[in-house]
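Quick one: the structure is below, questions incoming.
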Amino acid sequence: MELPPFPNVVLYSVPLFILLMVLERVSYWFHPDADEVGYGGKDTATSLSMGLGSLGWDVLWGIGTAAATSAIYLLTPLRIDFHWWALPLFLIAQDLCYYWSHRGHHMIRLLWASHVVHHSSQTFNLSTALRQSWTGFTGFLFYLPLAAVGVNPAVTAFCGGINLVYQFWIHTERIDKMWRPYEFVFNTPSHHRVHHASQGGYLDRNFGGILIIWDRLFGSFAPELERPVYGLTKNITTHNPLRVAYHEYAAILRDLRTRRVRAWLPTLLRGPGWSPTPAPAPAPAATAKPVAVAVAAAD
């Protein structure tokens with residue numbers, strides 16, 4: 001079955017992205033909120049630089065990932081034809097793959113080195129949505145099952161574009177919690193603020209793209225109960241796009257140089273905080289000696 005010509009939804013949405021960022025920035029002038037971080041000049045410039053850079057790198061990496069995905073699609077005898085009425089079903093399937101890709105990029109350090117870029121800002125606004133990785137090829141593996149069951153890679157890419165556009169508007173502090181039934185099913189600014197927070201109870205939560213229902217099903221959901229603190233558990237102190245893009249890769253190389261060969265694989269494939277040397281146990285709390293009691297007894 002011949003596919004229809006899919007529009008480039010991300011490209012067509014760029015003017016809307018710019019307009020919404022301007023409106024959000026202006027809203028802070030007229031309606032400031034001491035509890036919201038807002039915009040920072042250097043931080044916003046870094047986010048925009050990372051977004052522009054990712055466009056070029058995505059084209060380059062896309063050649064290899066498209067070839068690999070197409071090879072899987074051509075090898076399988078299965079075919080699932082695309083129909084516009086079935087678009088919601090394809091979106092749900094793509095979003096499920098996105099959930100596991102996103103979760104994997106938090107749980108596997110080598111993948112986290114790519115995704116950490118998106119979490120490196122200590123602010124949370126619409127420009128943060130554009131702070132994208134320059135090594136985004138790492139996610140294609142999670143979409144290979146769709147190609148293997150006969151979903152055309154062009155359909156998956158189209159759904160991925162819709163998913164990306166949806167996630168733009170949830171990067172804001174300007175929208176509070178929404179209608180409860182909507183919050184139960186869909187990803188919202190409140191859910192995504194939790195995802196970008198760095199405090200313990202919020203870490204590695206709310207991985208869904210369009211749907212938050214995956215997090216509820218797979219035990220990774222956390223509601224927004226306290227004000228999030230954005231950024232990393234150990235923040236980087238730079239706005240240099242090159243350092244933002246590759247700082248975690250450099251950290252991995254430093255760790256590999258100082259660790260034994262047998263620790264190299266777990267260093268790459270375990271969580272970002274993994275270390276071959278367990279953290280020392282906290283010292284037991286000191287207990288006061290019953291001197292006073294002994295003296296009293298002697299009296």
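Residues take their numbers from the sequence shown, with the count starting at 1.
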Y202 six-ring face occupied by R193 cation (under 6.0 Å, within 45°) | no

With side chains defined as the heavy atoms from C-beta onward, is the minimum distance between T188 and K177 less than 4.5 Å?
-> no

One should read off an interatomic distance between E2 CD and D81 CG, to the nearest 0.5 angstrom, of 12.0 Å

Determine, using the 4.5 Å side-chain heavy-atom cutoff (strictly less than), whether V9 and L3 are members of one ILVMFWY cluster.
-> yes

Are the side chain of T46 and the backbone N or O of H239 linked by a donor-acceptor pair below 3.5 Å?
-> yes

Assess whether ring-ring contact (aromatic ring centres under 6.0 Å, His included) is satisfied between W100 and F218, documenting all intermediate values.
-> CA-CA 10 Å; W100 287 110; F218 299 122; 5.0 Å; yes

Hey, are the side chains of M50 and V244 touching, using non-hydrogen atoms and a 4.5 Å cut-off?
-> yes

Side-chain contact, heavy-atom cut-off 4.5 Å: R205 with F221?
-> no

Please determine if R174 forms a cation-pi arrangement with Y28, meaning its NZ or CZ atom is less than 6.0 Å from the six-membered ring centre and no more than 45° off the ring axis.
-> yes

For Y39 and L126, the nearest pair of non-hydrogen atoms, with its separation, is OH-N, 3.8 Å

Flag for E224-H191: side-chain donor and acceptor within less than 3.5 Å = no

Please find out if less than 6.0 Å separates the ring center of F6 from that of F82.
-> yes

Quick one: are Y99 and C97 in side-chain contact, heavy atoms under 4.5 Å?
-> no

So with a 6.0 Å cut-off around CZ of R216, is the heavy-atom count from everything else above 12?
-> yes

Find the distance between CG (N206) and CG (D215) and round it off to the nearest 0.5 Å.
-> 5.0 Å

Atom pair CD1 (I80) and CG (L89), whose distance is rounded to the nearest 0.5 Å | 10.0 Å

Please lay out, stage by stage, how M178 and E183 fare under the test side chain to side chain contact (heavy atoms under 4.5 Å, CB included).
-> CA-CA 6 Å; M178 302 175 68; E183 292 259 346; 3.6 Å; yes

Stepwise side chain to side chain contact (heavy atoms under 4.5 Å, CB included) test for D43 and S121 | CA-CA 7 Å; D43 183 84; S121 174; 2.9 Å; yes

Is it true that a side-chain atom of Q199 and a backbone atom of R227 form a donor plus acceptor pair closer than 3.5 Å?
-> yes

T172 vs N125 side-chain heavy atoms within contact, under 4.5 Å | no

Mind checking whether I18 and L52 sit in one hydrophobic cluster, side chains of I, L, V, M, F, W, Y counted as touching below 4.5 Å?
-> no

Ring centroid separation for Y98 and Y143, is it under 6.0 angstrom?
-> no

May I have all residue pairs that pass side-chain hydrogen bond (donor to acceptor under 3.5 Å, both in side chains) and include part of residues 244-255, sequence neighbours excluded?
-> R109-E248, R109-D255, T135-Y249

Side-chain (W264) to main-chain (R259) donor-acceptor, under 3.5 angstrom = yes

Would you say L265 and V261 are hydrophobically clustered, going by side-chain heavy atoms of ILVMFWY under 4.5 Å?
-> yes

Of all heavy-atom pairs between M21 and S127, which one has the smallest distance, and what is that distance?
-> SD-CA, 3.7 Å

For the residue pair V151 and Y73, establish whether any side-chain heavy-atom pair is separated by less than 4.5 Å.
-> no

Could you tell me whether a side-chain N or O of T44 sits under 3.5 Å from a main-chain N or O of G41, the two making a donor and an acceptor?
-> no

Does NZ or CZ of R103 lie under 6.0 Å from the centre of the six-membered ring of F207, at an angle within 45° of the ring axis?
-> no

Hey, quick one: are V165 and L20 part of the same hydrophobic cluster, counting side-chain heavy atoms closer than 4.5 Å, chains of contacts allowed?
-> yes

Can you tell me how far the CG atom of L96 sits from the CG atom of L91, to the nearest 0.5 Å?
-> 12.5 Å

Of T156, I162, V155, which meets side-chain contact (heavy atoms from CB on, under 4.5 Å) against F90?
-> V155

Nearest heavy-atom neighbours spanning L87 and C159 = CD1-SG, 4.1 Å

Which pair of heavy atoms, one from L146 and one from A93, lies closest together, and at what distance?
-> CD2-CB, 3.9 Å

Is the backbone N or O of I210 less than 3.5 Å from a side-chain atom of N187, with the two atoms forming a donor-acceptor pair by type?
-> no

side-chain hydrogen bond (donor to acceptor under 3.5 Å, both in side chains) partner of H118, the single match among H195, H196, R131 = H196

Can you find a side-chain donor-acceptor pair between D95 and N163 that sits under 3.5 Å?
-> yes

What are the two closest non-hydrogen atoms of Y12 and P7, and how far apart are they?
-> CE1-CB, 3.7 Å

Pairwise distance NE2(H119) to CG(N235) - rounded to 0.5 angstrom = 12.5 Å

Side-chain donor-acceptor pair present, S133, S114, cut-off under 3.5 Å | yes

Between A197 and L203, what is the shortest heavy-atom contact and its length?
-> O-CD2, 4.0 Å

Side-chain contact test, heavy atoms from C-beta onward, threshold under 4.5 Å: evaluate it for L19 versus L23 and give yes or no.
-> yes

Side chains of Y230 and E173: does their closest heavy-atom pair fall under 4.5 Å?
-> yes

Please assess I212 against F186 for the test side chain to side chain contact (heavy atoms under 4.5 Å, CB included), listing each intermediate value before the final yes or no.
-> CA-CA 5 Å; I212 202 65; F186 293 97; 5.8 Å; no

Around atom CH2 of W84, are there more than 12 heavy atoms of other residues, nucleotides or ligands at under 6.0 Å?
-> yes

Assess whether side chain to side chain contact (heavy atoms under 4.5 Å, CB included) is satisfied between W134 and L242, documenting all intermediate values.
-> CA-CA 9 Å; W134 291 0; L242 286 174; 3.8 Å; yes

Anything under 30° is parallel, anything over 60° is perpendicular, the rest tilted; go ahead and classify H115 against H102.
-> perpendicular

How many angstroms lie between OG in S120 and CD1 in I236, if you round to the nearest 0.5 Å?
-> 4.5 Å

In one Ile/Leu/Val/Met/Phe/Trp/Tyr side-chain cluster, 4.5 Å: L55, W57 | no

